[in-house]
Amino acid sequence: MDERNDISRIEEKWQKIWDEKHIFEANPDGRKKYFATYPYSYMNGLPHIGHAFTCLRVDFESRYKRMRGFNVLFPFAFHCTGLPIVAAAARIRDGEKRQLKIMRDMGIPGNEVERFSDPVYWTEYFPKRWESIMRSVGMSIDWRRKFITTSLNPQYDSFVKWQFTRLKEKDYVRKGSHPVIWCPKDSIPVGDHDRLSGEGETPTEYTLLKFRLEDGRFLVAATLRPETAYGQTNVWINPTVDYAVADRDGEKWILSPDAVGKLDQQGVRLVEAGRVKGREIVGAMAYSYTMEANIPVLPAVFADPAKGTGIVSSVPSDSPDDYIALLDLKKSASSGKLDPALSKIVSKIHPIDIIETPGYGTLPAKRVVEKLKIINQDEKEKLEEARQEIYREGFYKGRMLSGLRDVGGLPVDRAREKIKSDMLKKGQAAVMYEPSGEVVCRCLTKCIVKVVENQWFLAYGDEGWKKRAHAAVSRMNFYPGFLDRQFDNVIDWLKDWACVHHTGLGTSLPWDENWKIESLSDSTLYMAYYTISLHLSRSSGWKGVPDDSFYDYIFLGKGEPQKVAANNGIRKNELEAMRREFLYWYPLDLRVSGKDLVGNHLTFALFNHAAIFPEDQWPKAYGVNGWITISGSKMSKSAGNSLMLHTALEKYGADITRLTEAYAGEGFDDPNWDEDFAESCWRRLSQMREYASSLSALPAGRKDDVDRWFISTIGILYRNYIENMEGLLFKSAVKAALIDMQNALKWYSRRKGGKLNGEAGSMFARLQTLMMAPFTPHMCEEIWHAIGNSSSVCLEILPEPDSFEVSEDAILREGYLEDVINDVDEIVKVTGIKPKGIYIYTCAGWQADMLSLEISGVKDRERRSGLTSGVAKAAVDRFFKKLATERGQGKLQIRAKVAETLDEKAFLNSSVEFLEKELKAKVVVQRAGEEGMNDPAGRSANAFPGRPAIYVE
RNA sequence: GCGAGGGUAGCCAAGUCAGGCCUAAGGCGGCAGACUCAAGAUCUGUUCUCGAAGGAGUUCCACGGUUCAAAUCCGUGCCCUCGCACCA
């Protein structure tokens, strides 16, 4: 295909030249700087058009700022920290089919796949692929500054260690315990990437409630809803199950043997001392601390020893399971199947109202059981549905009844916390975790929850730190603007963050080498590292690994340069130059990411900057965008509509890919990759190239009003473009630079009958090329050189927005002419007449004067009657009637303006040739009421200032 | 439930903060015409309804209000998307 070859030829040519001339390599100089970044991507796959969308936003803005005279730094790096790479490598080692297919889909040949069983190979392979793809899409990146993360890069590693050392000093890294999903066989935490099933399941917290039996032992029941403890009527135990009797600090606890094992992993020491059959306890009485009374222990088959403790406190008012179990038992009792003593107890049990939930009343369990027509305990699915429904409703909307001790009137969520913490304090309860759903490790073992002790946290819950993060938000700009509210909220709800792992790639905690820093925690400050990475990289020749004093000096200005330089084996002036380079580039001017990073990375970065740097080094702006869709539907591999960047590049080339991305959308909404638009781009670009050449070759000459209109119009579009570029509104900018500019040129060309003014023409060609350069830089270089320039368009300085002469009059005139043509077209269309002659009647002179008086609010009666003397009363009435209508439509101002600035008749007469061509008929222009007027249908009476009458014959 | 955003023509989307040439930009799709043997591509026109005179009518989630004037401001309701984490 010719055009595809054309595209490749152009793009390869310019990319080579940019590279050879080092034009995107940024070094400090006397210019003002602009530092923009994209959060480095994770190296477990190749970029798709969603990555490209976000990254291109940085590129568009970087290229634009470069053309506004800024010294722009746009660096890139490769994130390798964490579990996914290690997990995927392991899957390859195991020959897992799905993983092998993923590798094939990324274009990795079968005989090479084996090499990916080593995680380190990923960190070599994918950065190379990413760089090459990012280069071929034309990213204006300073590649000298690239690096990979983890201990595989000792310099970066030392930077992260320095960061954590400083955070620890400020007491922002703290020790605590933390529940994780855990594989008992492998003895490791099992992240989503290591799971065979159960992705997304997290530890959930059960409260263990103790019930004292008369013999002094405790039944230990597990509940997710401690706030219902005031509604207990009895305790459920499974008669067929063997329960463990375990020693806990001198107490005897009765609970399922599974639970003993689980609690052991969660720091609750239990020593099993014997077994007891469930049925042996049925019928006993157990003391409830919340009810302050003894309640009976009753049999229930739904009490599952694999879940919780296998013992359940019964709250038939709010738990559908309890309610239906109670009904079952009552049925057995009345049919005589139950022991008579038990029957007597059962008959006395009634649900107790404790919570009012809108729409469910005070006995939601009864309500939902009846609604779903649940008959007995065996209907597991329906019960699950019932549980889901009222747990959610009850938790969010429910309120404790006012008479309840301690928690009367509280919303359910607060009551839960209060009851739980009160009971824990009094030793009446304990905590146990279970996975929220079944999780199976890749080793086929069912996972449990383990409470990891001595876990390290970043103290994002710390109030003082939050305050600094809020301060950072208040100093920043956001695109779109409402994001400040979003970030403030994220900062408020953020709690301490477990920041280390035992597995995966990464940097070790400097004071505890057994821990690896987790991937969202090692990437919060590295933007600063870019400013000097060039001097640290292995290619720079310095092989040493910096120590903490080095970073203290570079980033914080602390320490004696002489000493620091000596310690690190470099020259003092080199060290000082690095410090200067950091100070030159920092703070970060812009960081752009997808909206998925708002709740973590972007906020973490604010916290970390706020912790370590002074205010004036905090980030200055964040841009956030949505997730890309393809022709309207979500991008997903399984649905078969995912588009890898290199695939798009093969199909369309860089410029069209870039343009389609720019046009995909802006703001926070999900952008849309429009395949049809992409298809139409080549035509647009080649047209742009063709007329740029021909416009630049035109002879200059005196400019007329139409030329002035054209220059005014492109001046206005240019201002609009600048505004949009400043606001990261690239779709609007493309519309102005490409589509609106082209439409303006079309009208101009028609209006001038093809005889365009050379000065206006080359102004247009030059301006449009500059405006489009951030989006389609390759084609614009091509055009830029074709129209006689030898410099790179990427470094050309854009004109000042107010440097264009905008003539309001010229714009008014052309609008007026267009209106006249539209009116005639409308008449022709409605009447179906094939026009032979068109008569246009401009208004009588008195009308224009009268309109001026009206507009300016002059009430001078004499002047008014003077104007209309000799004019028929009918005509005057008609004029005022029309005036009222036009006023109602809000068009009076513009009419008056036309009438004041324009001799309508003379102007239309000067454009008769054009009108005749446009309207394909003879055109006669007359003033209403003038001598010798030809007005066969009497239409001239319709004339109004700024709106001539028309007759079509 | 809390937090953030949103609901505009066949679809996508601008306009809303600063009410008035707003029947509402632009793109896509559709329709018609030109070119062509034909198709595609391209170009031109058109795309809420009615209309043989540039007009009228009805629209911007729904209902109510403010105003000479509301897609835009205020109130109420309905609906949708995203986040609520230990993971990139």
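Atoms considered below: every heavy atom in the structure, side chains included; atoms not considered: hydrogens, waters and symmetry mates. Given the structure is predicted, the values throughout are model-derived calculations rather than measurements. Reminder, nothing fancy here: chain letters follow the sequence lines and each chain counts from 1.
Of the candidates B/A4, B/A88, B/A53, B/A53 carries the atom nearest the A/Y951 side chain, counting heavy atoms from C-beta on. Ranking B/C87, B/C86, B/A4 by closeness to the A/L83 side chain, first place goes to B/C87. Closest to the side chain of A/Q687, out of B/G27, B/U42, B/U44, is B/U42. Relative to the side chain of A/P84, the nucleotides B/G51, B/C28, B/A88 differ in distance, and B/A88 lies closest. Considering only the side chain of A/L520, B/C87 comes nearest among B/C28, B/G54, B/C87. Each of B/G27, B/C86, B/A4 was ranked by its minimum atom distance to the side chain of A/A498; first place goes to B/C86. Residue A/N489 has its side chain nearest to B/A4 when only B/G27, B/G54, B/A4 are considered. Checked against B/C28, B/G83, B/A4, the side chain of A/W493 finds its nearest nucleotide in B/G83. Each of B/G54, B/A53, B/G83 was ranked by its minimum atom distance to the side chain of A/D823; first place goes to B/G54. The nucleotide whose nearest atom lies closest to any side-chain atom of A/D676 is, among B/G26, B/A4, B/C28, B/C28.
Within the structure, a side-chain polar atom (N or O) of A/K634 is placed less than 4.0 Å from OP1 or OP2 of B/C82. For the pair A/R683 and B/C43, the criterion of a side-chain N or O lying under 4.0 Å from OP1 or OP2 is met. When the side-chain nitrogen and oxygen atoms of A/K746 are compared with OP1 and OP2 of B/U44, one or more of them lie within a distance under 4.0 Å. Contact annotation: A/R947 reaches the phosphate of B/G55 (side-chain N/O to OP1 or OP2, under 4.0 Å). Regarding contacts with the backbone of B/A53, every side-chain N or O of A/T831 stays at 4.0 angstrom or more from both OP1 and OP2. Residue A/S732 places none of its side-chain N or O atoms closer than 4.0 Å to OP1 or OP2 of B/G26. Phosphate proximity of B/U42 to A/R684: absent, as no side-chain N or O sits under 4.0 Å from OP1 or OP2.
Under 3.5 Å, the side chain of A/N600 and the base of B/A88 form at least one donor-acceptor pair of N or O atoms.
Taking atom CG of A/N724 as the reference point, atom C1' of B/A14 lies 10 Å away to the nearest angstrom. The distance from atom CG of A/D670 to atom C1' of B/G5 is 11 Å, rounded to the nearest whole Å. If you take CG of A/D596 and P of B/G83, they are 9 Å apart, rounded to a whole angstrom. Between the CH2 atom of A/W747 and the C1' atom of B/U44 there is a distance of 14 Å, rounded to whole Å. Atom CG in A/L659 sits about 12 Å away from atom P in B/C28, given to the nearest Å. In this structure, A/K735 atom NZ and B/A13 atom C1' are separated by 11 Å, rounded to whole Å. If you measure from atom CH2 of A/W182 to atom C1' of B/C87, you get 18 Å, rounded to the nearest angstrom. The interatomic distance linking A/D669 (CG) with B/A4 (P) rounds to 17 Å, in whole Å.
Residue A/N942 is in base contact, counting any heavy-atom pair closer than 4.0 Å across all strands shown. Contact annotation for A/L494: base contact, defined as any heavy-atom pair under 4.0 Å involving a base atom. Among the protein residues, A/F457 comes within range of no part of the nucleic acid, since none of its heavy atoms lies under 4.0 Å from any strand. Residue contacts shown for A/P671 are absent, as no nucleic acid heavy atom lies under 4.0 Å away. As judged by a 4.0 angstrom heavy-atom cut-off over every strand, A/V952 is placed among the base-contacting residues. Within 4.0 Å (heavy atoms only), A/A937 reaches no atom of the nucleic acid at all. Heavy atoms of A/D496 sit under 4.0 angstrom from at least one base atom. Residue contacts shown for A/F668 are absent, as no nucleic acid heavy atom lies under 4.0 Å away. Using a 4.0 Å heavy-atom criterion, one finds that A/I739 contacts the sugar-phosphate atoms exclusively. A/H501 comes within contact range of the sugar-phosphate backbone alone, with a heavy-atom separation under 4.0 Å but no base atom that close. At a threshold of 4.0 angstrom between heavy atoms, the contacts of A/E518 are confined to the sugar-phosphate backbone, with no base atom among them.
Classification of the A/H601-A/Y526 ring pair by plane angle, with boundaries at 30° and 60°, yields tilted.
Annotation for A/I840 and A/P948: closest pair CG2-CB, 3.6 Å, computed over non-hydrogen atoms.
A salt bridge is absent between A/K897 and A/D809; no separation between the charged side-chain nitrogens and carboxylate oxygens falls under 4.0 Å. Ionic pairing of A/R751 and A/E814 is present here: one or more N-O contacts between side-chain nitrogen and carboxylate oxygen are shorter than 4.0 angstrom. Ion pairing between A/R947 and A/D823 holds under the 4.0 Å rule for side-chain N and carboxylate O. With salt bridges taken as basic N to acidic carboxylate O contacts below 4.0 Å, one links A/R174 and A/D462. Taking a cutoff of 4.0 Å between a charged side-chain nitrogen and a carboxylate oxygen, A/K516 and A/D522 do not qualify as a salt bridge.
By the 5.5 Å and 30° criteria, A/W497 is stacked with the base of B/C86.
Distance noted for atom P between B/G6 and B/C73: 11 Å (whole Å). With P as the reference atom, B/G40 and B/G26 are 26 Å apart, rounded to whole Å. Spacing of P atoms, B/A24 relative to B/A56, comes out at 13 Å, to the nearest Å. Taking the C1' atoms as reference points, B/C35 lies 45 Å from B/G20, given to the whole Å. B/C12 and B/U81 have their P atoms separated by 14 Å, given to the nearest Å.
The partner of B/A34 is B/U42, by the rule that a Watson-Crick or G-U pair needs both atom distances under 3.5 Å. When Watson-Crick and G-U wobble pairs are counted only if both distances are under 3.5 Å, B/G26 pairs with B/C12. Pairing of B/C82, defined by two Watson-Crick or G-U wobble distances under 3.5 Å, is identified with B/G3. Partner assigned to B/U49 is B/A56, using Watson-Crick or G-U wobble distances below 3.5 angstrom. Summarising the base pairing, B/A62 is matched to B/U76 through a Watson-Crick or G-U wobble pair whose two defining distances lie under 3.5 Å.
Between A/Q486 and A/N672, it is A/Q486 whose nearest contact on RNA chain B lies nearer the 5' terminus.
Between A/Y718 and A/Q768, the side chains place no donor N or O within less than 3.5 Å of an acceptor N or O (distance only, hydrogens not considered).
Taking the six-membered ring for Trp and the full ring otherwise, the centers of A/W515 and A/H502 sit less than 6.0 Å from each other. You'll find the ring centres of A/F482 and A/F668 inside the 6.0 Å limit.
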